[in-house]
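In what follows, a structure is listed as structure tokens, so that the remarks can point back to it.
Residue numbers count from 1 along this sequence.
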Amino acid sequence: MSANTTAPVTHPYFPRDHPIPHYVPSQLNMAEALATVGGSVAVLIVISGILVGRARTPLSCKDKFVVAWMLVCAGIHIVLEGYFVFNNKSLAGMQTVMADLWREYSHSDSRYLTSDPFTVIMEGITAVFDGPLAIVTAYGILADSPIRYAAQLVTSLAQLYGNVLYMGTNCIEGFRYSNPAPKYFYGYFVLMNLPWIIIPTYLCIDATNKIYRGMLIAQRATTVKKSN
């Protein structure tokens, strides 16, 4: 074999010529992977429902949703994304359920199988900071704690910032890491990430409004106290 002979591609990811020498096929198919993720999310939602029933004060529908959202985020950030960060160098060749989930999602972004520095750092920050902050936010709602809106703002802003950078870097490079098939590009890359654009944006605005109103009330109370 001559030195110029191109080695055959042994993986299904994009870009097609990117080397992933330790890749092994997944044991789970697409339906099984999605069912695993869906089942895990359902368990977290049930747990949030149980916690909501034990909240210090009755919660509005919006607050119930935020508790569920934050607990789902915490599970994804700490467990799933944390697993990726810890195993990023060997993930493509591992035979575990979590590795199968990442291999499936990597059809939409192969950077998860190549130890891409930005992706590893971004997901590391998400796992270490965003996950615990999401738990603090849920606790703040359930305990009716003053920390709730500050934690909500910081958590949501971190999620939004990280996701914009994550999707933006792939966009700037022409989505070269994404399989162009609609089920992978639109189904995985776009639709699976869109909630972390829309919901954090809303929660940032909501928290900012609540903090502003609280500070305004405190400022007026201080002014009245001084005048007396």
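To the nearest 0.5 Å, atom OG of residue S156 and atom CG of residue D130 are 9.5 Å apart. Rounding to the nearest 0.5 Å gives a distance of 12.0 Å between CG of L216 and CG of N209. The distance from atom CG of L101 to atom CG of L80, rounded to the nearest 0.5 Å, is 6.5 Å. Within the model, atoms OG1 of T126 and CH2 of W196 stand 11.0 Å from one another, a figure rounded to the nearest 0.5 Å. Between the CG atom in D206 and the CD1 atom in I211 there is a gap of 9.5 Å [rounded to 0.5 Å]. Atom CZ of residue F189 and atom CZ of residue F175 lie 5.5 Å apart, to the nearest 0.5 angstrom.
In this structure, the side chain of T169 engages the main chain of Y166 through a donor-acceptor pair within 3.5 Å. In this structure, the side chain of H22 engages the main chain of K89 through a donor-acceptor pair within 3.5 Å. Formation of a donor-acceptor pair under 3.5 Å by the Y112 side chain with backbone atoms of T119 is not found in this model. Remark: side-chain polar atoms of S108 are paired, donor with acceptor, to backbone N or O of Y105 under 3.5 angstrom. Checking side-chain atoms of N88 against main-chain N and O of V85 turns up a donor-acceptor pair under 3.5 Å. Side chain of N29 to main chain of E32: a donor-acceptor pair is present (N/O by atom type, distance under 3.5 Å, no hydrogens or angles). Remark: side-chain polar atoms of R148 are not paired, donor with acceptor, to backbone N or O of A143 under 3.5 angstrom. A donor-acceptor pair is defined here as one N or O able to donate and one able to accept, closer than 3.5 Å; no such pair exists between the side chain of N193 and the backbone of N163. Not one N or O on the side chain of R176 forms a donor-acceptor pair closer than 3.5 Å with the backbone of F14. Counting only distance, with no hydrogens or angles, the side chain of D100 and the backbone of L28 share a donor-acceptor pair below 3.5 Å.
Contact of the M98 side chain with the V79 side chain is registered, since non-hydrogen atoms from C-beta on lie closer than 4.5 Å. Looking at heavy atoms from C-beta onward, I199 lies in side-chain contact with F65 at the 4.5 angstrom threshold.
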Practice problem: Go through Y188 and D109 one step at a time and tell me if the side-chain contact (heavy atoms from CB on, under 4.5 Å) criterion holds. | Solution: CA-CA 9 Å; Y188 286 6; D109 190 343; over 6 Å; no
Exercise. Run the numbers on M70 and L203 for side-chain contact (heavy atoms from CB on, under 4.5 Å), then give the verdict.
Key: CA-CA 11 Å; M70 289 297 173; L203 293 179; 3.9 Å; yes
Exercise. Using the side-chain contact (heavy atoms from CB on, under 4.5 Å) rule, take H77 and F129 through it: C-alpha gap first, then chi angles, then the decisive distance, then the call.
Key: CA-CA 9 Å; H77 295 335; F129 292 100; over 6 Å; no
Exercise. Begin with the C-alpha distance, continue with both residues' side-chain angles, and end with the deciding distance and a verdict on side-chain contact (heavy atoms from CB on, under 4.5 Å) for K183 and M30.
Key: CA-CA 11 Å; K183 67 179 179 180; M30 180 180 182; 4.1 Å; yes
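Considering every non-hydrogen atom in both A134 and C73, the closest pair reads CB-CB, 4.4 Å. Scanning both residues, W69 and P200, for their nearest heavy atoms gives CZ2-CD, 4.2 Å. Scanning both residues, S26 and R103, for their nearest heavy atoms gives OG-NE, 2.9 Å. Contact detail for I20 and Y13: the closest heavy-atom pair is CD1-CD1, 4.0 Å. The heavy-atom pair separating V67 from S48 by the smallest distance is CG1-CB, 4.1 Å. Scanning all heavy atoms of the two residues, the minimum distance from F185 to S178 falls at CD1-CB, 3.9 Å.
Under a hydrophobic-cluster definition in which Ile, Leu, Val, Met, Phe, Trp and Tyr are linked whenever side-chain heavy atoms come within less than 4.5 Å, directly or via other members, L165 and L194 are assigned to different clusters. A chain of hydrophobic side-chain contacts below 4.5 Å, direct or via other Ile, Leu, Val, Met, Phe, Trp or Tyr residues, connects W102 to Y23. Linking ILVMFWY side-chain heavy atoms closer than 4.5 Å, directly or via other members, places M167 and I121 in two distinct hydrophobic clusters. I135 and V52 fall into different hydrophobic clusters, where Ile, Leu, Val, Met, Phe, Trp and Tyr side chains are chained together by heavy-atom contacts under 4.5 Å. V72 and L142 fall within a single hydrophobic cluster, where Ile, Leu, Val, Met, Phe, Trp and Tyr are joined by side-chain heavy atoms under 4.5 Å apart, directly or via other members.
D116 pairs with exactly one of E123, R111, M122 by the side chain to side chain contact (heavy atoms under 4.5 Å, CB included) rule, that one being R111.
Enclosure of atom CD in Q219 is not indicated, since only 12 or fewer non-hydrogen atoms of other residues, nucleotides or ligands lie within 6.0 angstrom.
Looking at Y177 and T114, their side chains never bring a donor and an acceptor atom within 3.5 Å of each other.
Between Y149 and Y212, the distance from one ring center to the other does not fall under 6.0 angstrom.
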